[in-house]
Amino acid sequence: MVDSALKQMANDTHWGELDYILIDLPPGTGDVHLTLVQNIPLTGVIVVSTPQPVALADARKAVGMFNMDGIAAPILGFVENMSYFAPEDMPDKKYHIFGKDGTKDLAEELKIPLIAQIPLVTSVREAGDVGRPAVLQNGTPQSEAFMDLVKTIEDKVNELAE
């Protein structure tokens, strides 16, 4: 069902001229990933993981799949989501609930850049619940992390285009 929806979205939608399109996939590898690479030309891939070992195993599999012959999609980098928890009343205090630097360590091992570490903060969830992107929470650590991520992705895509 997901494969059919992805194909329909790719083939039956008039996109016009796009600067970027980001497609969020489930963790790991599977039919939807293969459908994507077979139906949509990819400029690059961003692998998102949390820092815990079980999530890193899926991230490692995703890197392996996107590096396979016949797919070979450039991996722009890793993003570590839920990198740490920062309480609203103590924003400088970081709790590494899911482990510390797991994605950073995997990125170093695989020689793929770590392009962002996104904090787990209540305001990101609250912003999502009301349809207001967290990146618009100007001056907060989460908005800065998202803005840095956007700039890094833009730079990496431009590098590939040269």
Side-chain angles (χ1 to χ4, degrees), residues 2 6 19-37 40-88 90-129 132-161:
V2 174
L6 182 60
D19 291 326
Y20 302 94
I21 185 168
L22 299 174
I23 300 173
D24 186 8
L25 298 176
T29 58
D31 290 343
V32 70
H33 301 79
L34 294 174
T35 298
L36 175 76
V37 299
I40 299 175
L42 301 180
T43 301
V45 173
I46 300 162
V47 178
V48 179
S49 182
T50 56
Q52 70 229 61
V54 69
L56 296 170
D58 281 342
R60 184 184 297 276
K61 287 178 190 175
V63 168
M65 187 202 73
F66 286 113
N67 281 332
M68 288 173 53
D69 290 337
I71 296 176
I75 299 176
L76 304 179
F78 279 107
V79 171
E80 185 174 76
N81 197 17
M82 298 189 278
S83 188
Y84 58 87
F85 170 71
E88 202 170 325
M90 296 182 293
D92 294 329
K93 183 70 176 158
K94 295 179 181 178
Y95 294 94
H96 298 277
I97 297 170
F98 299 107
K100 185 175 181 188
D101 292 333
T103 310
K104 179 181 176 222
D105 295 342
L106 180 62
E108 288 173 0
E109 176 190 333
L110 299 179
K111 296 179 178 34
I112 296 171
L114 175 66
I115 58 176
Q117 290 180 301
I118 306 295
L120 173 63
V121 291
T122 305
S123 62
V124 171
R125 193 249 330 139
E126 291 170 344
D129 286 349
R132 184 172 185 265
V135 72
L136 297 179
Q137 299 170 355
N138 294 330
T140 63
Q142 58 273 20
S143 71
E144 291 173 14
F146 284 118
M147 287 304 292
D148 289 346
L149 173 59
V150 168
K151 177 70 173 123
T152 300
I153 292 168
E154 183 180 45
D155 291 346
K156 290 191 169 294
V157 168
N158 289 334
E159 286 173 23
L160 289 173

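Residue numbers run from 1 in the order of the sequence given. Quick note: numbers below take in every heavy atom, side chains included, and nothing from hydrogens, waters or symmetry partners.
- A search for side chain to side chain donor-acceptor pair (under 3.5 Å) contacts involving Lys151 returns Asp155, not counting sequence neighbours.
- Counting only heavy atoms from C-beta outward, the side chains of Val157 and Leu76 approach each other to under 4.5 Å.
- Under the rule for a side chain to side chain contact (heavy atoms under 4.5 Å, CB included), the partners of Met65 that lie at least two apart in sequence or sit in another chain are Thr29, His33, Leu34, Met68, Ile71.
- Residue Leu25 holds its CG atom at 11.0 Å from CD1 of Ile46, rounded to the nearest 0.5 Å.
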Going by atom type alone, with no hydrogens or angles, which donor-acceptor pairs under 3.5 Å involve a side-chain atom of residues 93-100 and a protein atom two or more places apart or on another chain?
residue	atom	partner	partner atom	Å
His96	ND1	Ser83	O	3.4

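- With sequence neighbours excluded, the residues satisfying side chain to side chain donor-acceptor pair (under 3.5 Å) with Glu109 are Arg60.
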Leu114 vs Glu80, side-chain contact (heavy atoms from CB on, under 4.5 Å): CA-CA, chis, key distance, verdict: CA-CA 8 Å; Leu114 175 66; Glu80 185 174 76; 4.3 Å; yes
- Message: Walk me through whether Val79 and Val47 qualify under side-chain contact (heavy atoms from CB on, under 4.5 Å).
- Response: CA-CA 6 Å; Val79 171; Val47 178; over 6 Å; no
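- Judged as a side chain to side chain donor-acceptor pair (under 3.5 Å), and not counting sequence neighbours, the contacts of Asp101 are Gln117.
- Judged as a salt bridge (charged side-chain N to carboxylate O under 4.0 Å, His left out), and not counting sequence neighbours, Asp19 has no contacts.
- Residues Ser143 and Leu136 have side chains not in contact (no heavy-atom distance under 4.5 Å, counting atoms from C-beta outward).
- Taking the side chain to side chain contact (heavy atoms under 4.5 Å, CB included) definition, one finds that Ile40 meets it with Leu6, Ala10, Ile23, Leu36, Leu42, sequence neighbours left out.
- With sequence neighbours excluded, no residue forms a side chain to side chain donor-acceptor pair (under 3.5 Å) with Asp24.
- The shortest non-hydrogen separation linking Pro74 to Thr43 is CG-O, 3.4 Å.
- Residues meeting the side chain to side chain contact (heavy atoms under 4.5 Å, CB included) test with Pro113, sequence neighbours left out: Ile115, Lys156.
- Here Thr140 contributes atom OG1 and Glu88 contributes atom CD; the two are 11.0 Å apart, rounded to the nearest 0.5 Å.
- At a threshold of 4.5 Å between non-hydrogen side-chain atoms, the residues Val48 and Phe78 do not count as touching.
- Every side chain to side chain contact (heavy atoms under 4.5 Å, CB included) that Ser49 has, sequence neighbours left out, goes to Ala55, Leu56, Ala59, Thr103.
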Under 3.5 Å, which donor-acceptor pairs do the side chains of residues 119-128 form with other protein atoms, sequence neighbours left out?
residue	atom	partner	partner atom	Å
Ser123	OG	Gln137	OE1	3.2
Ser123	OG	Gln142	NE2	2.5
Arg125	NH1	Asp129	OD2	2.6

